[in-house]
2 protein chains.
Amino acid sequence: MKGKATSLDIAHLAGVSQPTVSRALRGSPMVNEETRRRILAIAEQLNYKVDKNASSLRRQHSGTLALLLFEDPTSDESHINPFFLPMLGSITRACARHGQDLLISFQQLSDDWHADYADSNKADGLILLGYGDYLAYQGKLEKLVEQGTQFVRWGAVLPGQPGLSIGCDNLGGGRQAGEHLASLGRKRVAFLGDASSHYPEFHDRYLGCDQALREAGAAMDPALQIDAESSEDSGYAAARLLLDRDAAFDAVFAASDLIAIGALRALAERGLRIPEDVAVIGFDDIPAARIATPALTTVFQDTNRAGELLVEALVGLVNGEPTESMRLPTSLVVRKSSSG
Amino acid sequence: MKGKATSLDIAHLAGVSQPTVSRALRGSPMVNEETRRRILAIAEQLNYKVDKNASSLRRQHSGTLALLLFEDPTSDESHINPFFLPMLGSITRACARHGQDLLISFQQLSDDWHADYADSNKADGLILLGYGDYLAYQGKLEKLVEQGTQFVRWGAVLPGQPGLSIGCDNLGGGRQAGEHLASLGRKRVAFLGDASSHYPEFHDRYLGCDQALREAGAAMDPALQIDAESSEDSGYAAARLLLDRDAAFDAVFAASDLIAIGALRALAERGLRIPEDVAVIGFDDIPAARIATPALTTVFQDTNRAGELLVEALVGLVNGEPTESMRLPTSLVVRKSSSG
DNA sequence: CTGAAAGCGCTTACAG
DNA sequence: CTGAAAGCGCTTACAG
């Protein structure tokens with residue numbers, strides 16, 4: 001036997017036809033039990049594995065999902081947004097549980113990205129992870145829908161959105177942050193992050209916090225909002241801008257933990273005590289939040305559950321089952337940066 | 001046109017045979033320039049993409065690599081070893097540059113893991129990442145070689161090893177750690193990590209440190225060595241064991257940053273000042289090392305370069321080019337935990 | 001430069 | 001329960 005064994009090789013050795021081998025291997029009920037055992041034994045002995053290319057070609061179905069991770073082109077090339085890491089892990093595990101293989105690829109946000117994996121029949125569906133300007137992104141989602149590409153994305157769940165989305169309850173998370181700050185008596189809350197409709201997740205977090213503050217007789221002040229993208233450097237820069245404005249504030253709500261960690265550094269450099277002078281709260285609960293000095297209060301998103309749901313939803317979609325967008329609850333994690 | 005367009009559809013529209021379409025699309029020089037342009041235009045308009053299953057089946061070559069990430073079954077299910085993350089990123093990017101798709105999968109170390117991806121022609125070769133007992137692992141590597149599976153692994157580069165390995169210069173890295181500690185006048189260096197041949201990377205780090213200390217008139221003391229696997233909890237536990245031994249030491253060399261960060265916590269809990277009472281040095285330079293309190297001195301491994309080399313080596317191997325194992329240099333990163 | 005033919009290794013009606 | 005036949009959509013000798 002030279003090269004890899006094929007089902008035909010096994011058929012010869014077992015004294016049956018090749019289709020019978022195929023049936024036996026995939027557990028078809030219409031194969032004689034003894035014949036099946038014989039075939040399985042030979043297959044094992046030859047270390048035979050069904051050729052997935054042939055199988056996928058014939059079945060028009062690859063048993064593979066593709067994960068497209070969108071990168072902010074401005075961010076450090078070598079680092080993946082740490083928020084996505086546990087999600088990546090849980091997606092990988094969920095795929096294994098569902099018997100799906102997983103292709104992974106990074107996409108530049110600026111790219112004219114495509115659904116190549118789906119178009120070339122290499123994957124049955126796509127999982128889209130990644131921040132970026134939603135308005136620019138939306139057009140591409142519409143194109144995917146138009147082409148009949150199956151996909152789910154992680155992100156803000158909005159009405160009338162193209163395709164399927166799974167995201168956390170950003171509004172609720174923002175409320176939790178706002179309620180917490182209000183309960184500490186903080187009324188002048190700065191927000192670091194783009195709060196426009198280009199970034200609907202950040203936008204909702206801002207709105208939620210504002211709602212909670214209003215219920216406590218305060219409100220977000222636009223003069224205390226500074227744009228920032230989700231990176232430590234951007235958070236550092238935004239906090240410095242805020243400080244230079246010389247407007248009074250007693251709390252910072254950062255749109256993400258990375259922004260918050262950058263802000264922590266800028267605030268400390270100016271000699272501000274955290275949380276005595278300024279309470280700081282982030283969003284995501286990435287591993288670094290716990291290690292930060294002081295440890296960062298934040299709004300937790302269940303990325304493990306999220307990964308599972310993304311895979312389940314996509315598998316459902318591919319199998320033609322009715323599947324819906326979904327919003328996951330968040331929870332507040334109080335640490336020293338707000339209640340030292 | 002219903003469903004996805006095929007090369008035959010394009011052939012009809014372009015008024016040529018299907019093989020000509022195939023040739024034009026893959027840039028064969030033996031197609032009339034004008035014909036090619038016409039075909040390409042139609043293909044673009046139809047959003048045609050070559051069916052990878054058909055193509056791979058025919059060519060017996062998938063243009064895909066598979067990354068198998070071995071997990072320590074004892075570690076927290078939801079976290080990937082942070083050391084691997086930048087590597088994962090650079091592997092993904094390197095694959096894109098080489099025109100390779102990347103499949104990713106986690107494997108339990110205890111699994112009877114397999115080269116399914118390669119056996120089923122779904123991938124042309126494997127990249128193996130992951131720690132674990134080397135002696136148990138080696139047998140599986142030999143089996144891969146025997147079956148003719150192409151693979152590269154990240155890990156200790158040892159003589160007479162089955163297959164191709166890329167790893168850092170662990171001995172040299174250990175020496176850098178030892179020299180640094182010796183230059184600070186530290187002579188009683190504890191080592192946290194398994195230093196046996198079951199973990200050749202840790203073993204080499206230990207040996208390197210010992211060599212450097214000996215040149216400075218000291219040496220590692222086996223009484224100051226405690227086994228630990230690469231996790232924060234394990235490092236914490238190991239440091240406590242060490243403290244309970246009541247043996248004097250003025251430095252800790254941890255086999256990895258995670259171990260070091262756990263040790264930092266245990267030492268601080270006992271009221272030891274770092275670095276005044278105990279200098280601490282890790283290995284890897286994961287992102288958390290910079291954030292730790294105090295910031296952790298460590299031995300840097302170039303994971304970005306490593307990822308690239310792994311992909312390059314595997315692609316070379318798959319293409320039948322002569323390819324060799326390789327050892328990457330390390331460098332010392334001095335921070336407050338050794339020189340506050 | 002182009003086309004007709006064969007074949008990669010499966011899966012799935014269709015007959016028996 | 002089993003086999004002969006067709007076909008998934010390509011790529012690649014082989015002829016011309």
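None of the values given here were measured: they were computed from a predicted structure. A, B, ... follow the sequence lines: proteins, then strands. Residue 1 opens every chain.
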Side chains of [X] and [Y]: donor-acceptor distance under 3.5 Å anywhere?
{"X": "Lys122(A)", "Y": "Thr64(B)", "value": "yes"}
{"X": "Tyr48(A)", "Y": "Asp9(A)", "value": "no"}
{"X": "Glu142(B)", "Y": "Tyr137(B)", "value": "no"}

To the nearest angstrom, how far is [X] atom [atom1] from [N] atom [atom2]?
{"X": "Lys122(B)", "N": "dG9(C)", "atom1": "NZ", "atom2": "C1'", "answer": "15 Å"}
{"X": "Asn121(B)", "N": "dC10(C)", "atom1": "CG", "atom2": "P", "answer": "9 Å"}
{"X": "Leu8(B)", "N": "dT11(D)", "atom1": "CG", "atom2": "C1'", "answer": "14 Å"}
{"X": "Leu25(B)", "N": "dT2(C)", "atom1": "CG", "atom2": "P", "answer": "14 Å"}
{"X": "Lys49(B)", "N": "dC10(D)", "atom1": "NZ", "atom2": "P", "answer": "12 Å"}
{"X": "Arg26(A)", "N": "dG9(C)", "atom1": "CZ", "atom2": "P", "answer": "18 Å"}
{"X": "Arg36(A)", "N": "dC1(D)", "atom1": "CZ", "atom2": "C1'", "answer": "11 Å"}
{"X": "Glu33(A)", "N": "dC1(D)", "atom1": "CD", "atom2": "P", "answer": "9 Å"}

* Let me know, please, whether Tyr48(B) or Met30(B) comes out on the 5' side of the other along DNA chain D by nearest nucleotide. => Tyr48(B)
* Base, sugar-phosphate, or nothing: which does Ser56(B) touch, judged by heavy atoms less than 4.0 Å apart? -> nothing
* Structure fact -> With both pairing distances under 3.5 angstrom for Watson-Crick or G-U wobble, and | for a partner in another strand, the correct string for DNA chain D is |||.||||||||.|||
* May I ask you to test the Leu67(A)-Leu102(A) pair for a side-chain heavy-atom distance under 4.5 Å? => yes
* Start at the 5' end of DNA chain C and walk down; is the nucleotide closest to Pro29(B) or to Ser22(A) reached first? -> Pro29(B)
* Nucleotide by nucleotide, 5' to 3', does protein get under 4.0 Å of the base (B), only the sugar-phosphate (S), or neither (-) in nucleotides 3-8 of chain C, counting heavy atoms? -> BBBBBB
* So does Glu33(A) have more than 12 non-hydrogen atoms from other groups sitting under 6.0 Å from CD? -> yes
* **Carboxylate-amine/guanidinium proximity below 4.0 Å for Arg97(A) and Glu308(A)** => yes
* Asked: How many angstroms lie between atom CG of Asp51(B) and atom CG of Leu57(A), to the nearest 0.5 angstrom?
  -> 6.0 Å
